[in-house]
Amino acid sequence: MERTRSRRRPVGAAPGARAAVAVLAAAILAGACSRQAPSFELLLARIDSDPASADPSPFLGAARLAGSSIDALRLMKRAASRDPVLAAVVADALAAAGISSEPFALAAFGAYMEAERPESAYALFGGPLDGTRRPLLLAESYAACLAAGFRPSASTAALVAAADASGIPEFLVEAAVLAMAAGDGPAAATLLRDAVGRGAAADPRLLWDAGVFDSMGAPAPGGDDPEPLHLAADAAWMRGEQALACSLYLELVERHPGHSWKPYAALARLPAPAVAITPTGAGVLPGATTVDAWPRLSAEPDSGGLPGGQWMAMMASRFPGDAEAAFEHAAWLRAGGMAEEARSLLSAVALDPERGAVADIADAVAARPDSAVPVALARASGLPGSAAVQETALSCLLALGAWDEFAGLHASLDERFRSSLPRAWFWDAVSLSLAGDASAAAALAREGGAGSERYAAPWNLGVFELAAGRHREAALAFMTASGETAGRADPDSDRARALALAGDAWRMAGDRAAARDAYRAAIDSDPLCLQAMAGLEMLEDK
């Protein structure tokens, strides 16, 4: 009995043994709980023990076990010291493991750029990096992407920040492209003016599309591409620099006679005094043909004595059978009161149904105004899907004061189609005006136009308001136009004309004080504004 008992471990005996077991258990549990850290550390030790090895496996294994940004940075430092491509691969693995802090992203950015992977570097700005806070890094990676033939997505704010930080104005051009793609023409125009002002060489086509005519100078002399010269000439025309426009158009038709019929039409429409000037000074192409080297704008026998007939005849001879050129020639004849000649010209040209309908409406307005309204409505009804025909018909009805017919045609258009018209905002504004919602119409007129249209939109709306007898609304529209003359060829004169009409409208509305203020402001802007002088005299006579 005693012998048997002595073989069993007595309960509560050997306290030292129990303590040893507890220590062992704790050690096992601690090892189980901290297995990741020693494994990561062991892999780092393995990497450090063989610095010449190119084996990526310990790096990738450590990347899977990295538990913090500090672990990631320690690993990235070792990878970068060996090979930039390895560092970029390790950055990929760390990102896949969920490491996304800004310190890690900065290290990854450097690795990607060293490995010539700018797309991966730039992609970090969609996550842990903020382009507005790190504009120089964004600029570096964005430029590298462009050099590699890849245009990354970006925010306008980030690109503006990149331009400001780097001093490279081309980033503003990139921001303008984004604004144009988003349909924000005014923002694009502002960005492009700033870019050109800082020395950026923006594409003339982009400047033209954004309406930045004031930043479009004459192109460098020579070159085989006629398009930059054509755009420069059109921009000079839009700025009101008629002598320069004439010089550039002449240079265009001399160097590229078959490029387009449009320069010939532009020369035909230039006022004779402007064309009689031999342009000199800055802005004219070096060595360009001057106006005096070309024949004067004479009247051809079939032009009815109209100036510019020579250029139209030259256009017709160089572009025979061209429907677009013939259509322009006919429009020019109609504007000169030769509607029958215009109709005869178009009868010899095969016009598509759309062009034919537009020509019919124009002919009716020029030669048969009493029948123009039914013609416009019939052609609009016959081609309901043609934007050109619908806008021509709407223009015709407005020009003839057919307000009810205009409102009916505008309302009959499918809403989606109506919103797709090139001047949708303008037709909507007129329709609102006719419906009596002048405030909404004025808001559309102010916001709908871009560039040079900012003046034309409220101006035209004011004309329609006057015709409809809404004098106060017309005055507000003309006042809006008077504040939108920046960038126009003759801003003082344009402002005076708008203010004078605003004075007329206020006077008709019975607000003599407002009319007097508008007239005086018009004279301050242009002391020779006869309309404003006459308006003041009418106020004094009453």
> Counting N and O atoms only, with roles assigned by atom type, does the side chain of Asp71 sit under 3.5 Å from a partner on the main chain of Gly67, one being a donor and the other an acceptor?
Replying inline: yes
Determine all donor-acceptor pairs shorter than 3.5 Å in which one atom belongs to a side chain in residues 199-210; sequence neighbours excluded.
unit_1	atom_1	unit_2	atom_2	d
Asp203	OD1	Arg205	N	2.9
Arg205	NH2	Asp225	OD2	3.4

> For the side chain of Ser81 and the backbone of Arg78, is there at least one donor-acceptor N/O pair under 3.5 Å apart?
Replying inline: yes
> Is it true that a side-chain atom of Ser431 and a backbone atom of Asp428 form a donor plus acceptor pair closer than 3.5 Å?
Replying inline: no
> Among all residues two or more places apart in sequence or in another chain, which pass the side chain to side chain contact (heavy atoms under 4.5 Å, CB included) test with Ala107?
Replying inline: Leu73, Met76
Side-chain donor-acceptor pairs of residues 172-183 under 3.5 Å, sequence neighbours excluded:
unit_1	atom_1	unit_2	atom_2	d
Glu174	OE1	Tyr142	OH	2.8
Glu174	OE1	Arg151	NH1	2.2
Glu174	OE2	Arg151	NH1	2.9

> Is a salt bridge present between Arg133 and Glu102, judged by a nitrogen-to-oxygen distance below 4.0 Å?
Replying inline: yes
> With a distance cut-off below 6.0 Å to the six-membered ring centre and an angular limit of 45° from the axis, does Arg117 pair with Tyr112 as a cation-pi contact?
Replying inline: no
> Once you round to the nearest 0.5 Å, how far does CG of Leu159 lie from CD1 of Ile168?
Replying inline: 12.0 Å
>> Pair Val85, Glu114 - check side chain to side chain contact (heavy atoms under 4.5 Å, CB included), show working.
In response: CA-CA 8 Å; Val85 175; Glu114 285 289 328; over 6 Å; no
> Would you say Asp234 and Tyr249 make side-chain contact, with heavy atoms under 4.5 Å?
Replying inline: yes
> Does any N or O in the side chain of Ser166 come within less than 3.5 Å of the main-chain N or O of Ala139, such that one atom is a donor and the other an acceptor?
Replying inline: no
> Judged by modelled atom types alone, do Trp427 and Gln390 share a side-chain donor-acceptor pair under 3.5 Å?
Replying inline: no
> Thinking salt bridges, do Arg198 and Asp164 make one under a 4.0 Å N-O criterion?
Replying inline: yes
>> Just so I know, are the side chains of Ser141 and Leu137 near enough to count as touching, which here means a heavy-atom distance under 4.5 Å?
In response: no
>> Main chain of Pro58, side chain of Arg46: is a donor-acceptor contact present, judged purely on distance under 3.5 Å?
In response: no
> Of all heavy-atom pairs between Phe104 and Ala72, which one has the smallest distance, and what is that distance?
Replying inline: CD1-CB, 4.1 Å
> Hey, is the main chain of Leu244 close enough, under 3.5 Å, to the side chain of Ser247 for a donor-acceptor pair?
Replying inline: no
> Looking at side-chain heavy atoms only, is the closest gap between Thr156 and Leu191 below 4.5 Å?
Replying inline: yes
> Is Arg355 salt-bridged to Glu324, going by a charged N under 4.0 Å from an acidic O?
Replying inline: yes
> Do NZ/NE/NH1/NH2 and the carboxylate oxygens of Glu41 and Arg74 come within less than 4.0 Å?
Replying inline: yes
